[in-house]
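Below is one structure, written out as structure tokens; comments come after it.
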Amino acid sequence: MWPCKQLDLSWRDWRFALGCCLAPSPWEESAERVERLWPSGQGALACLNVRSAFDLYLRVRRWPSGDEIVFSALTVPDMPAIARRHGLRVVPIDVDAETGAWRADDLERVVGPKTRAVVLTHPFGARLDVGPAIALARAHGIVVIEDCAQAYRGPGWTGHPDADLALFSFGPMKTATALGGAVAHVRDPETRERMHRQRAREPVQPTAAFLRRVLLAGALKCAGNPRIYGALTAVLDAVGADREHWIHRLTRNTRPGTASLRLRPCAALLGLLERRLSEGDAPVTRRTAPGRALFEALGPGVCLPTRDAEEHAYWMVPVLVPDPEACKQVLRRAGFDAMSARLCAVPGEGVDVPGARRLAKAVHLPFDPDMPLDELVRLGESMKRFDTRARP
């Protein structure tokens, strides 16, 4: 049974992380090395995760309670929850179910006198065109935040040059994972300095907590072997356990709540993040040929969001089908553990977001660059057979 998602972490990386936990470097030196690896060493701020960076940015901006923040309507539920905890009213704009993209005219319709920022998410590894939205935001004097957590393409891309904040994730299931950590690219030097000072007042994540994550990652890597994974999922099914619930729980980056966000990443995490950033584009480029092979194997008859994106890192491979649960069962019988994702459609008062609701129900196919080509082709053929007979 092929898992839906494998850790993008080699055993050498794992042993390096273990060594960092046992002999961590001084914290300030570790953070400086990570931030210097970002292009020109300018604009970068190392944080515990994307949610932590977003919370830090909102604390520094201090927008009044009742002001509005616009979200592209497909995201992880924690991001709008953080905005609400800061007293902000969340306003969604729908996305196209087949591209994941928003429309600038939809953004213009919801921007009002209390709008302070718009958060635009690049979904599933695809890079979308934020230019029109940025031009509109500039005309209205609002901040643009790029959520690039799913679209890391190597340190050479730091988001749109005119965005105010770009957020990149290195959480457990991300490309080039450091088992946590994030880089916030902050354009305005004054805002970045205020965030730097605020971060310095926060406690450091306990090294023991990161060590537990490293040990869990080792166990997950072992469990990711298709034979072992198949046996484990068979046991979960036999006892009536919800396999998706447990897998999402084991790979979650943070616990709910504010306290778990307001920590600095420990030096051991920063050491692993420095190592992954030093690889440059390699973690992404190794996904490109297999990702294209899977897209081709799926064929034009399968509804594959972000298929036509000009830039793609192939982080996840979602498909839209009439009956997601039936699709997952068919693929699991063929040896492919398709799953649903943690993404949600952002609710809003009197605002319907049908595109985001449809995308939130997408089935995510197993994909790993180490999957043999014949297995990628077999996955595509299995998916096409289901798609043909499932159409209404």
Side-chain angles (χ1 to χ4, degrees), residues 3 5-38 44-53 55-56 78 149 152 154-155 167-184 196 199-225 228-229 232 246-280 282-283 368 370:
K5 188 74 176 173
Q6 296 268 25
L7 287 175
D8 185 23
L9 188 81
S10 70
W11 282 113
R12 286 187 178 182
D13 294 328
W14 185 84
R15 289 192 293 270
F16 180 85
L18 196 60
C20 288
C21 291
L22 299 177
S25 301
W27 191 91
E28 290 290 347
E29 294 178 12
S30 299
E32 288 175 7
R33 287 198 300 267
V34 166
E35 292 165 2
R36 281 200 304 267
L37 280 172
W38 214 243
L45 197 73
C47 297
L48 182 65
N49 50 57
V50 160
R51 298 161 182 82
S52 176
D55 175 73
L56 180 61
D78 290 353
Y152 177 68
L167 302 170
F168 295 85
S169 174
F170 300 88
M173 304 312 295
K174 296 299 193 296
T175 302
T177 179
L179 304 178
V183 173
H196 189 279
R199 185 189 64 175
R201 293 193 284 269
E202 295 173 343
V204 176
Q205 169 198 30
T207 302
F210 184 65
L211 174 60
R212 287 193 294 272
R213 179 168 291 185
V214 173
L215 296 175
L216 175 60
L220 291 173
K221 275 187 66 63
C222 292
N225 176 281
I228 298 174
Y229 186 79
L232 291 173
W246 283 103
I247 291 170
H248 285 321
R249 182 174 178 176
L250 289 172
T251 56
R252 185 176 175 85
N253 196 13
T254 55
R255 299 186 306 275
T258 301
S260 64
L261 295 177
R262 296 179 179 178
L263 298 171
R264 285 181 279 168
C266 67
L269 190 162
L270 291 171
L272 181 57
L273 180 53
E274 177 190 0
R275 177 184 175 90
R276 301 316 307 270
L277 289 176
S278 298
E279 297 176 46
D368 183 80
D370 293 327

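In this text the structure is predicted, and so the values were computed from the model without any measurement.
Within the model, atoms CZ of R213 and CG of L211 stand 12.0 Å from one another, a figure rounded to the nearest 0.5 Å. Note that the OG atom of S52 and the CG atom of D78 stand 12.0 Å from one another [nearest 0.5 Å]. Remark: L263 CG to N49 CG distance equals 9.0 Å, nearest 0.5 Å. Here the OG atom belonging to S30 is positioned 11.5 Å from the CG atom belonging to L272, to the nearest 0.5 angstrom. Taking CG of L48 as the reference point, atom CG of L56 lies at 11.0 Å (rounded to 0.5 Å). Distance CG/L37 to CD/E32: 12.0 Å, rounded to 0.5 Å.
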### Query
When you look at S10 and D13, which way does the side-chain hydrogen bond (donor to acceptor under 3.5 Å, both in side chains) test go after all the steps?
CA-CA 5 Å; S10 70; D13 294 328; 3.0 Å; yes

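Proximity of V183 to L45: side-chain heavy atoms (C-beta onward) are nowhere separated by under 4.5 Å. In this structure, E274 and R36 have side chains that are not in contact, with every pair of non-hydrogen atoms separated by 4.5 Å or more. Side-chain contact between I247 and Y229 is present, with heavy atoms from C-beta onward closer than 4.5 Å. Looking at heavy atoms from C-beta onward, L277 lies in side-chain contact with F170 at the 4.5 angstrom threshold.
Using a 4.0 Å cut-off between charged nitrogen and carboxylate oxygen, D8 and K174 do not count as a salt-bridge pair. Ion pairing of R264 with E202 is absent here, as no side-chain N (NZ or NE/NH1/NH2) approaches a carboxylate O to less than 4.0 Å.
In plain terms, the two heavy atoms of A223 and I228 that are nearest each other are CA-CG2, 3.9 Å. Of all the heavy atoms in A149 and V50, the pair that sits closest is CB-CG2, 4.1 Å. Closest approach of S25 and A267 over heavy atoms only: O-CB, 3.1 Å. Across Q6 and G224, no two heavy atoms sit closer than the pair NE2-O, 2.9 Å. Across P24 and C21, no two heavy atoms sit closer than the pair CD-O, 3.6 Å.
A donor-acceptor pair under 3.5 Å is absent between the side-chain atoms of K221 and the main chain of L7, judged by distance alone. Of the possible donor and acceptor atoms, one in the side chain of R276 sits under 3.5 Å from a partner among the backbone N and O of T177.
Partners of C266 by side-chain contact (heavy atoms from CB on, under 4.5 Å), not counting sequence neighbours, listed by chain and number: V204, Q205, T207, F210, A268, L269. For A46, the side-chain contact (heavy atoms from CB on, under 4.5 Å) criterion is met by V34, E35, R199, L270, not counting sequence neighbours.
Residue pairs meeting the ring pair (Phe, Tyr, Trp, His ring centres under 6.0 Å) criterion with at least one member in residues 13-33, sequence neighbours excluded, are W11-W14.
Note: Y152 and W38 have parallel aromatic rings, judged against thresholds of 30 and 60 degrees for the angle between ring planes.
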